[in-house]
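Encoded as structure tokens, the structure appears first; notes follow it.
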Amino acid sequence: MKRVAFVFSTAPHGSASGREGLDALLATSALTDEIGVFFVGDGVLQILDGQHPQMVLARDYIATFKLLPLYDIEQCWMCAASLRERAIGGEAKWVVDAEALEPEPLRQQLDRFDVILRF
């Protein structure tokens, strides 16, 4: 089985990339157990709790990330440098239990996967 990584690097609002990535992630979970999810750059905003997408006339799919454990997707990481760049501190609440890693350890985790899909 191929190990598949999903990298979310875009903000949740303003494009359909995050929603499409989430759909692909959930569909892929039926095919393989070897899935990793990475949130880098503006992608860390994909799982930030307490957003109000209806205020920008966007569809609310962020809460759907809460379903990842039900699909046995438990390997989730986010970039610690991206959090600092966006002034997101340790008090932030997340819809997914993701481990914050510095860029180099994050790249090492990503290197373990055979296929990388970026959204």
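Put simply, the side chain of Gln46 does not reach to within 4.5 Å of the side chain of His13, judged on heavy atoms. Side-chain contact between Asp33 and Met1 is absent, with no heavy-atom pair separated by less than 4.5 Å. Using a 4.5 Å heavy-atom cutoff, the side chains of Phe65 and Asp49 are not in contact. Using a 4.5 Å heavy-atom cutoff, the side chains of Val96 and Ile73 are not in contact.
The two residues Lys2 and Thr32 make their nearest non-hydrogen contact at O-OG1, 3.4 Å. The two residues Thr10 and Gly18 come nearest to each other via the heavy atoms OG1-N, 4.2 Å. The two residues Ile47 and Met78 have their closest heavy-atom pair at CD1-SD, 4.4 Å. Taking both residues in full, the closest heavy atoms of Gly41 and Ser82 are given as N-OG, 2.8 Å, listed atom of the first, atom of the second, then distance.
Pairs of residues two or more places apart, or lying in two chains, that qualify as salt bridge (Lys or Arg N to Asp or Glu O under 4.0 Å) and include a residue from residues 97-109 are Arg84-Glu102, Glu104-Arg107. Contacts classified as salt bridge (Lys or Arg N to Asp or Glu O under 4.0 Å) and involving residues 7-16 (residues at least two apart or in different chains) are not found. Listed by first and then second residue, the salt bridge (Lys or Arg N to Asp or Glu O under 4.0 Å) pairs that reach into residues 37-46 are Asp42-Arg86, sequence neighbours excluded.
Atom CZ of Arg112 has more than 12 heavy atoms from other residues, nucleotides or ligands within 6.0 Å.
Distance CD1/Ile35 to CG/Asp72: 9.5 Å, rounded to 0.5 Å. Interatomic distance, Phe39 CZ to Cys76 SG, rounded to the nearest 0.5 Å: 5.5 Å. Thr28 contributes atom OG1, which lies 13.5 Å from atom CD of Glu34 (distance to the nearest 0.5 angstrom).
With sequence neighbours excluded, the residues forming a side chain to side chain contact (heavy atoms under 4.5 Å, CB included) with Leu67 are Thr64, Leu70, Tyr71, listed by chain and number. Residues that satisfy the ring pair (Phe, Tyr, Trp, His ring centres under 6.0 Å) test with Phe6, not counting sequence neighbours, are absent from this structure.
Chaining together hydrophobic side chains whose heavy atoms lie under 4.5 Å apart places Phe38 alongside Val7, Val40, Trp77, Leu101, Leu106, Leu110, Phe113, Ile116.
Cluster annotation: Leu31 and Leu26 are assigned to distinct hydrophobic clusters (Ile/Leu/Val/Met/Phe/Trp/Tyr, side-chain heavy-atom contacts under 4.5 Å, transitive).
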